[in-house]
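Encoded as structure tokens, the structure appears first; notes follow it.
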Amino acid sequence: MNPKDLDRKISQILGLDERREKDNELYKVFSEVFDKTTIDTLAYFHKRGKIKRLLGVISTGKEANVFKGVDKDGNYVAIKVYRTYTTEFRRIWEYLAADPRISYLPKDIRKMVFIWTRREFKNLQRAMKYAVRAPEPIVFSNNVLIMEYIGDEFPAPRLKDVERDLNKKEFEELYEFAMESIEKLWKRGDMVHGDLSEYNILVWEKPVIIDWSQATVKRNRMALTLLYRDLRNITNYFAKKGIKVDNPDEKFRELAGD
């Protein structure tokens, strides 16, 4: 794709006016970070009306960026874009290799990222099936996942970002939510989140758990390790906030013995 075509596609997806300066933050993220595959995938969703335009960056990371967008009907959506050439290759490979749902792992990192994206979509579907509050997945293709946007004009904050504003009762309710979610996933969904912490619980009208890419099923040989990690992370965090918590070792034995 020549530079002019790339520039045109980016401008179309972002809804940029031709008179607008091209060096705004959102344009920089696209033109400097994303490759042709990503731009083509976003253009495909744009053509289908799944993304009318992107409105801003929600979060950035080594593995993926998340954007706030709007679809053709004016509904807010969250668009998660995985980097097709990521420094997280080894971590992704280890999680996929251990997942019994994955029958084949390509050598091409770009195709492996596509599998990783599909895996998060399926994990979100499974979480919601068993009544664990997560963003509703809408559609995915290649390295782009579109899902429910949590928030209003501004994205819902992470627990870590608002902990100073919460009272003890609110911490207690969030602790109960987190522990009930771990238990529901394990007992009813045969599943574990694997990276549950104050960084991926959104505080909204009802709390929401995000970042499901590493989540896996109970049959995974890593599942018990991930279950214990979730229990330890949650109990350690809330104990520091003065909340009476379960003993993570006892809770682990209770769940793992099922």
Side-chain angles (χ1 to χ4, degrees), residues 59 61-64 80 82-83 86-107 109 112-135 137 145 158-160 174-202 207-241 243-258:
S59 66
K62 294 179 182 178
E63 186 179 277
K80 188 169 188 177
Y82 280 100
R83 300 174 190 274
T86 173
T87 58
E88 298 293 293
F89 167 77
R90 181 169 294 277
R91 187 180 82 89
I92 289 175
W93 186 89
E94 288 175 351
Y95 276 95
L96 291 179
D99 194 327
R101 298 173 295 175
I102 308 299
S103 58
Y104 167 73
L105 276 181
K107 294 181 180 179
I109 178 60
M112 196 175 296
V113 170
F114 295 170
I115 294 173
W116 189 249
T117 306
R118 182 185 66 197
R119 185 173 182 262
E120 179 160 19
F121 182 87
K122 297 294 185 182
N123 286 340
L124 287 166
Q125 286 184 320
R126 191 173 184 128
M128 294 196 69
K129 179 179 179 179
Y130 294 101
V132 174
R133 185 70 176 96
L145 167 62
R158 303 175 304 173
L159 171 55
K160 180 63 178 178
L174 285 164
Y175 173 70
E176 290 300 320
F177 164 78
M179 293 298 286
E180 285 176 7
S181 297
I182 292 171
E183 189 161 342
K184 277 183 185 177
L185 283 172
W186 188 259
K187 287 186 172 182
R188 297 170 58 185
D190 290 334
M191 183 183 183
V192 58
H193 183 278
D195 194 30
L196 193 57
S197 74
E198 65 272 24
Y199 291 94
N200 46 39
I201 297 175
L202 299 184
V208 180
I209 297 173
I210 59 171
D211 292 340
W212 289 81
S213 60
Q214 73 293 313
T216 192
V217 292
K218 192 184 288 188
R219 292 180 292 119
N220 190 323
R221 65 177 183 269
M222 297 172 62
L224 288 173
T225 299
L226 297 175
L227 173 64
Y228 185 73
R229 178 199 291 176
D230 281 354
L231 291 169
R232 184 193 61 212
N233 285 348
I234 292 301
T235 54
N236 285 352
Y237 173 77
F238 283 97
K240 291 176 182 177
K241 302 303 176 185
I243 304 304
K244 183 179 179 181
V245 300
D246 296 89
N247 181 300
D249 295 324
E250 291 179 3
K251 193 67 177 177
F252 174 76
R253 286 192 292 270
E254 174 192 326
L255 292 176
D258 286 352

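Everything numeric in this text was worked out from a predicted model, so none of it was measured.
Nearest heavy atom pair, residue Ala134 against residue Leu124, reads CB-CD2, 3.9 Å. Closest approach of Pro106 and Met112 over heavy atoms only: O-CE, 3.1 Å. Residue Ala178 comes nearest to Leu196 through the heavy atom pair O-CD2, 4.2 Å, listed as atom of the first residue, atom of the second, then distance. In plain terms, the two heavy atoms of Tyr95 and Asn220 that are nearest each other are O-ND2, 4.4 Å.
Counting heavy atoms from C-beta on, the side chains of Arg126 and Asp190 come closer than 4.5 Å. In this structure the side chain of Ser213 reaches within 4.5 angstrom of the side chain of Tyr82, judged on heavy atoms. Inter-residue side-chain proximity for Asp211 and Tyr199 is flagged as unmet; no heavy-atom pair is nearer than 4.5 Å. Counting only heavy atoms from C-beta outward, the side chains of Val132 and Trp212 approach each other to under 4.5 Å. Contact check for Met179 versus Val245: no side-chain heavy atoms found under the 4.5 Å cut-off. With a 4.5 Å cut-off on side-chain heavy atoms, Leu105 and Trp93 count as touching. In this structure, the side chains of Glu63 and Ile92 come closer than 4.5 Å at one or more pairs of heavy atoms. In this structure the side chain of Lys129 never reaches within 4.5 angstrom of the side chain of Arg188, judged on heavy atoms.
Judged by distance alone, with hydrogens and angles left aside, the side-chain atoms of Asn200 form a donor-acceptor pair with the main-chain N or O of Ser197 at under 3.5 Å. A distance-only check finds a donor-acceptor pair linking the side chain of Trp186 to the backbone of Leu255 [under 3.5 Å]. A donor-acceptor distance shorter than 3.5 angstrom exists from the side chain of Arg119 to the backbone of Ala215, with no hydrogens or angles considered. No donor-acceptor pair under 3.5 Å is formed between the side chain of Asp230 and the backbone N or O of Ile182. Between the side chain of Arg133 and the main chain of Pro207, no donor-acceptor pair closer than 3.5 Å is present.
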Q | Glu198/Asn233 under side-chain contact (heavy atoms from CB on, under 4.5 Å): CA gap, chis, key distance, verdict | A | CA-CA 9 Å; Glu198 65 272 24; Asn233 285 348; 5.9 Å; no

Q. Does the pair His193 and Gln214 meet the rule for a side-chain contact (heavy atoms from CB on, under 4.5 Å), with working shown?
A. CA-CA 7 Å; His193 183 278; Gln214 73 293 313; 3.1 Å; yes

Q: Just do the side-chain contact (heavy atoms from CB on, under 4.5 Å) check on Phe252 and Arg232 with the steps written out, would you?
A: CA-CA 9 Å; Phe252 174 76; Arg232 184 193 61 212; over 6 Å; no

Q) Is there a side-chain contact (heavy atoms from CB on, under 4.5 Å) between Leu185 and Tyr130 once you walk through the steps? A) CA-CA 7 Å; Leu185 283 172; Tyr130 294 101; 5.6 Å; no

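Legend: salt bridge (Lys or Arg N to Asp or Glu O under 4.0 Å) pairs involving residues 174-186, not counting sequence neighbours, sorted by first then second residue: Glu183-Lys187, Glu183-Lys251.
Exactly one residue among Leu224, Thr225, Leu226 makes a side-chain contact (heavy atoms from CB on, under 4.5 Å) with Val192. That residue is Leu226.
Here the CD1 atom belonging to Ile210 is positioned 7.0 Å from the OG atom belonging to Ser59, to the nearest 0.5 angstrom. Taking CD1 from Ile209 and CZ from Phe177, the interatomic distance works out to 4.0 Å, rounded to the nearest 0.5 Å. For the atom pair CG (Asp99) and CZ (Arg221), the distance works out to 10.0 Å, reported to the nearest 0.5 Å. Atoms OG1 and CD1, from Thr216 and Ile102 in turn, are 8.5 Å apart once rounded to the nearest 0.5 Å.
The closest side-chain donor-acceptor pair between Arg253 and Asn247, if any, does not fall under 3.5 angstrom.
Applying the ring pair (Phe, Tyr, Trp, His ring centres under 6.0 Å) test to Phe238 and every residue at least two apart in sequence or in another chain returns Tyr175. For Gln125, the side-chain contact (heavy atoms from CB on, under 4.5 Å) partners at least two apart in sequence or on another chain are Phe121, Lys122, Pro137.
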